[in-house]
There are 2 protein chains.
Amino acid sequence: MGEMIHLPRATFERLKMYRKALESVKKPFISSDEIAKFLEINPELVRKDLSYLKCQGKPRVGYDVEELRKELNDLFGVNSTTNMIIVGANDLARALVNQDFSKVGVKIVAVLDIESENVGKFIGEFSVREMDVLERVMRRFNVEIAALCISRDKAQATAEILIKNGIKAIWNFTGVHLELPSNVIVVDEDLTKSLLTIKHLLK
Amino acid sequence: MGEMIHLPRATFERLKMYRKALESVKKPFISSDEIAKFLEINPELVRKDLSYLKCQGKPRVGYDVEELRKELNDLFGVNSTTNMIIVGANDLARALVNQDFSKVGVKIVAVLDIESENVGKFIGEFSVREMDVLERVMRRFNVEIAALCISRDKAQATAEILIKNGIKAIWNFTGVHLELPSNVIVVDEDLTKSLLTIKHLLK
DNA sequence: TAGATTGTTAATCGATTAACAATC
DNA sequence: TAGATTGTTAATCGATTAACAATC
């Protein structure tokens with residue numbers, strides 16, 4: 001079991017796109033051509049990518065949408081829930097709480113903040129807790145991800161506290177380059193990157 | 001003039017990273033090795049990338065940080081200001097208003113919403129305006145970018161209105177796949193992509 | 001000078017596209 | 001059957017890495 005196929009990085013990125021594109025598909029079958037048109041890529045590339053999956057298409061028919069959806073969801077572990085806390089009680093935290101991350105199998109279980117004046121405020125349904133409860137929250141909810149939404153100057157120190165308490169992945173909204181042990185997963189969410197792309201395309 | 005160098009896509013993406021990395025550099029010179037260590041890539045790759053620029057490094061010294069910074073900022077047009085409106089008055093809008101996009105040459109000039117009950121509310125310093133004022137705002141501020149922060153069901157229709165009024169680029173936070181003329185710049189900001197990456201790495 | 005670092009060319013690696021046989 | 005569509009192999013293209021001469 002666990003026939004660890006090697007999935008090329010570029011393919012992996014596109015599989016996420018296919019997964020999302022399928023969300024809005026109503027028909028039972030879809031061809032590589034249709035997927036390709038939607039995403040503005042080549043149909044050959046779609047077929048190549050999908051050939052890494054167990055899922056097989058039928059000539060003259062296309063791919064079974066439900067089957068494809070299921071395999072992609074399994075691949076990304078979307079059907080099992082991963083618990084996440086938000087650290088930093090501000091508008092960004094509020095925006096995150098409003099998003100529906102259940103469709104990618106992520107559940108927000110608490111909002112913490114290092115600023116004591118925010119403790120007790122509400123972010124959506126969550127009453128903001130102080131950092132001291134981290135250990136307790138970790139134990140209770142088996143938290144794996146922390147979305148880091150605090151100010152730049154406290155980012156590194158707070159990240160270190162999170163890691164010390166067993167957080168496995170940090171979703172970093174601070175814009176600060178975090179220096180952490182290599183076994184920790186850090187994913188930077190950098191909005192200015194998109195703006196630079198837009199500015200360049202506008203020229 | 002305008003010696004349009006061909007910039008490989010992968011290089012372009014990394015130039016954004018170099019630009020950002022240089023923000024926190026205090027020394028007058030930096031070597032490709034130092035940049036590479038910071039970003040966890042190969043120094044050869046850094047030198048190759050930088051060789052596309054006019055900027056030249058000095059053997060035994062490295063690259064002139066100020067010179068490099070200037071050329072990268074010019075390349076991305078960061079020193080000229082591009083005006084942006086936000087469409088949709090919610091927590092995400094609030095989060096965006098709080099960000100400092102001036103460092104990438106983007107200025108928020110107004111917040112509009114299609115929901116009349118939000119008109120008049122404040123998002124940061126901005127009093128929310130109705131969509132009717134779009135034409136006027138466009139004329140007054142020479143708006144080029146719209147950050148689309150509204151609900152999924154109104155996304156396509158609202159995007160079309162924006163385009164009709166001369167918006168050149170849409171920064172799409174709605175999660176909806178927009179179908180727009182190919183001359184319009186659409187950049188999707190999809191937070192769930194990062195979560196899928198994290199979920200996959202956690203396995 | 002010796003040594004560190006750049007810049008560039010060649011070699012390798014990986015990703016995309018073209019071509020086409022297999023199949024329903 | 002004829003034709004549309006998949007799946008795969010080979011060819012091409014692009015990106016990274018290795019190697020090393022040039023230079024300060």
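Below, chains carry the letters A, B, ... as their sequence lines are ordered, and counting in each starts from 1. From a predicted model like this one, the values you see are computed outputs, not experimental measurements.
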- Would you kindly give the NZ-to-P distance between A:K48 and C:dC20, to the nearest whole Å? 17 Å
- Salt bridge flag under 4.0 Å for residues A:E40 and A:K37: no
- Message: Output the rounded distance in Å from CD1 (A:I35) to P (D:dT6).
- Response: 8 Å
- Query: For the rings on B:F76 and B:F12, is their centre-to-centre separation under 6.0 Å?
  - Reply: yes
- Query: A:Y52 OH to D:dT6 P: how many Å, rounded?
  - Reply: 17 Å
- For DNA chain C, whose closest nucleotide is more 5', that of A:T11 or that of B:S32? B:S32
- Do other residues, nucleotides or ligands put more than 12 heavy atoms under 6.0 Å from the NZ atom of B:K103? yes
- Task: Check every atom of D:dA15, D:dG7, C:dA15 against the side chain of A:A10 and return the nucleotide holding the closest atom.
- Result: C:dA15
- Is any side-chain N of the basic residue among B:E34 and B:K27 closer than 4.0 Å to the acidic one's carboxylate O? yes
- Message: Taking the minimum atom-to-atom distance to the side chain of A:P59, which one of C:dG7, D:dT5, C:dA10 wins?
- Response: D:dT5
- Task: Count the heavy atoms belonging to other residues, nucleotides or ligands that lie under 6.0 Å from NZ of A:K164, then report whether that count exceeds 12.
- Result: no
- Message: With nearest nucleotide decided by heavy atoms, which residue, A:I30 or B:R47, maps closer to the 5′ end of DNA chain D?
- Response: A:I30
- Across every strand shown, the nucleotide meeting Watson-Crick or G-U wobble geometry with D:dC24 (both distances under 3.5 Å) is C:dG3
- Task: Figure out the CZ/C1' separation between B:R9 and C:dA15, and round it to whole Å.
- Result: 15 Å
- Partner nucleotide, any strand, of D:dA18 [Watson-Crick/G-U, under 3.5 Å]: C:dT9
- Query: Between atom CG in A:D33 and atom P in D:dG7, what is the gap in whole Å?
  - Reply: 13 Å
- Item | Nearest to side-chain heavy atoms of B:S31, which nucleotide of C:dT8, C:dT6, D:dG7 | C:dT6
- Item | First encountered from the 5' end of DNA chain C, between A:R60 and A:L45 | A:L45
- Message: Tell me whether the side-chain N/O atoms of B:N42 come closer than 4.0 Å to OP1 or OP2 in D:dT16.
- Response: no
- B:R14 vs D:dA15: side-chain N/O to OP1/OP2 distance below 4.0 Å: no
- Query: Rounded to the nearest Å, what distance is computed from the CG atom of residue B:D64 to the P atom of nucleotide D:dC24?
  - Reply: 15 Å
- Query: Atom CD of B:E44 and atom P of C:dT12: how far apart are they, to the nearest Å?
  - Reply: 16 Å
- How many Å lie between CD on B:E13 and C1' on C:dA15, as a whole number? 16 Å
